[in-house]
Every structure is written in structure tokens, then in C-alpha cells.
Amino acid sequence: MALTQRGSLAYLWLWALLSAPALAWVTTLARQGAPIAADALNPTGALSAVLFIMALLATPLRHIRPGRPVPLWLVRNRRYLGVASFGYALLHTLFYVLDAGSAANLLMQLPRLAIWTGWVSLLIMAPLALTSTDGWVRRLGPRWKSLQRWAYAAALLGFFHAVSLNDWDDPWEPLIVSAPLIALQIWRMGKNVVRRPKTT
């Protein structure tokens with residue numbers, strides 16, 4: 001019973017930590033209105049990306065450093081991190097819509113690579129977040145993992161969304177944020193190639 005209570009308390013603290021920036025942004029929006037949207041765009045998008053990458057790092061880190069505290073913590077909490085990432089992606093989208101100011105501006109910007117990749121990434125993330133509950137995991141069975149693999153497509157589109165902003169003038173921030181995931185995926189692919197049996 002004590003272990004269950006400690007676990008529940010830990011999750012409450014995690015959600016409090018994850019939701020604190022959102023509460024601050026929403027409170028500021030309520031007080032100051034749409035003008036804050038432009039300033040909030042980049043940090044909400046960046047936080048969404050960081051949380052999403054943390055969730056995706058869980059599996060490769062578990063294979064590289066099995067039994068270590070950080071990979072174990074990421075594995076236990078990756079669904080929470082993924083849902084929080086989607087929440088900040090929604091907040092990022094809200095600020096983008098407010099900053100655009102009108103439906104005409106939204107439609108005019110839609111053909112840009114930096115814009116439509118963000119929308120498609122958000123659309124992919126939506127069913128992943130909605131099916132992150134234990135009930136959906138049981139209901140979908142093996143199909144749940146197949147669905148969750150779409151997270152990599154969402155991450156790739158999100159990466160192109162970030163690096164193509166400002167006409168590719170400053171891609172370094174998204175490259176640095178994504179570097180650990182890119183490096184680990186390259187390492188995993190290299191190991192799979194080495195393990196693949198040779199055919200004669």
C-alpha cells in the first residue's frame with residue numbers, strides 16, 4: 001500500500017511539473033490576450049519537441065543501458081511525456097492561430113513546408129495521445145505498438161517543421177535538440193546491420 005501511494009504521489013509531482021509551464025502561459029494569455037502569442041510560439045514548440053524526444057529516447061536507451069535509472073524512468077513515464085508533448089503541441093498551435101490573426105492568413109501559409117509539416121505532425125500525434133491510456137493498450141493489444149510507431153513519423157515531420165522555419169536560416173537549435181535521438185537511432189540501425197545473418 002505504501003509503495004502504491006508513493007508511486008501515485010510521484011506521478012502527481014510529475015504531472016505538476018509537466019503542467020506548470022502550460023498553466024503559466026495560459027494565465028498570461030488570459031491576462032494579456034493575443035499579443036503574447038508571438039513570444040510564446042517558440043518556447044511552446046520547443047518544449048513539445050523536447051518532451052517528445054525524451055519519450056522516444058526510452059527504448060533505445062533501455063537497449064544501450066539496461067537497468068540504469070534514467071532509461072528505466074523514461075520507460076515508466078514515456079506515455080506521460082508523450083501526452084504532455086501533445087498538450088504543448090496543441091498550445092503551440094493555439095498561439096500560432098492567434099498570431100496568424102485570421103483564417104485567410106492560416107490558409108495562405110499552409111502550403112509552406114514549415115507549416116504543413118507541423119499540422120500533419122500534430123494530426124499524427126493526436127491518436128497516439130488519445131490511445132495512451134491503459135484501457136486503450138488492452139483494447140488494441142498488439143496493434144497498439146504498431147500505432148505508436150507512427151511517433152517516429154511525427155518526430156520526423158516535427159523536425160522538418162522546426163528546421164525549415166525562417167527559411168532554414170537557423171536550423172541549429174532543432175538539430176541540437178534532436179541530436180541524441182538521431183545518434184541513438186543510427187547506433188541501433190548499425191547494430192541491426194551487424195547482427196543480420198549473411199546470406200550465401
* Please name all residues satisfying salt bridge (Lys or Arg N to Asp or Glu O under 4.0 Å) with Arg78, sequence neighbours left out, ordered by chain then number. => none
* Partners of Pro127 by side-chain contact (heavy atoms from CB on, under 4.5 Å), sequence neighbours excluded? -> none
* How about Leu157 and Phe160: do any of their side-chain heavy atoms sit closer than 4.5 Å? -> no
* To do: Any chance you could measure Arg112, atom CZ, to Thr117, atom OG1, to the nearest 0.5 Å?
  => 9.5 Å
* Find the distance between CG (Leu17) and CG (Leu12) and round it off to the nearest 0.5 Å. => 12.5 Å
* For the residue pair Tyr11 and Tyr80, does the interplanar ring angle fall in the parallel (under 30°), tilted (30 to 60°) or perpendicular (over 60°) class? -> tilted
* Not counting sequence neighbours, which residues clear side-chain contact (heavy atoms from CB on, under 4.5 Å) with Arg68? List them please. => Arg65, Pro71
* **Partners passing side-chain contact (heavy atoms from CB on, under 4.5 Å) against Val70 (at least two apart in sequence or in another chain)** => Leu74
Donor-acceptor list for residues 29-38 side chains, cut-off 3.5 Å, not counting sequence neighbours:
none

Using a 3.5 Å cut-off and no angle test, enumerate the donor-acceptor pairs between side-chain atoms of residues 136-146 and protein atoms at least two apart in sequence or in another chain.
from, atom 1, to, atom 2, distance (Å)
Arg143, NE, Leu140, O, 3.4
Trp144, NE1, Thr131, O, 2.7

* Run the side chain to side chain contact (heavy atoms under 4.5 Å, CB included) check on Leu128 and Phe86 step by step: do they pass? -> CA-CA 9 Å; Leu128 304 183; Phe86 176 66; over 6 Å; no
* Do Tyr88 and Pro21 have side chains that get closer than 4.5 Å, going by heavy atoms? -> yes
* Structure fact -> In short, Ala154 meets Ile124 closest at the heavy-atom pair CB-CG2, 3.8 Å
* **All pairs passing side chain to side chain donor-acceptor pair (under 3.5 Å) where residues 19-29 contributes a residue, at least two apart** => none
* Transitively linked via ILVMFWY side-chain contacts under 4.5 Å: Leu14 with Leu23? -> no
* **Contacts of Trp73 that satisfy ring-ring contact (aromatic ring centres under 6.0 Å, His included) - sequence neighbours left out** => none
* **Hphob cluster co-occupancy, Trp15 + Val75, side-chain heavy atoms under 4.5 angstrom** => no
* To do: Could you state whether Val83 and Val26 fall into the same hydrophobic cluster, counting links through intermediate Ile, Leu, Val, Met, Phe, Trp or Tyr residues with side-chain heavy atoms under 4.5 angstrom apart?
  => yes
* **Asp39: side-chain contact (heavy atoms from CB on, under 4.5 Å) partners, not counting sequence neighbours** => none
* Asked: Ser121: what forms a side chain to side chain donor-acceptor pair (under 3.5 Å) with it, not counting sequence neighbours?
  -> none
Sequence neighbours left out, cut at 3.5 Å: what donor-acceptor pairs do the side chains of residues 49-56 make with other protein atoms?
none

* Would Val163 and Leu156 show up in the same hydrophobic cluster when neighbours are defined by side-chain heavy atoms closer than 4.5 Å? -> yes
* **Linked, directly or transitively: Tyr152 and Leu123 (ILVMFWY side chains, under 4.5 Å)** => no
* To the nearest 0.5 Å, how far apart are OG in Ser164 and CD1 in Ile115? -> 8.0 Å
Under 3.5 Å, sequence neighbours excluded: what are the donor-acceptor pairs made by side chains of residues 89-102?
from, atom 1, to, atom 2, distance (Å)
His92, ND1, Leu41, O, 2.8
His92, ND1, Thr44, OG1, 3.3
His92, ND1, Gly45, N, 3.4
Thr93, OG1, Ala89, O, 2.8
Tyr96, OH, Gln109, OE1, 2.6
Ser102, OG, Asn105, N, 3.2
Ser102, OG, Asn105, ND2, 3.4

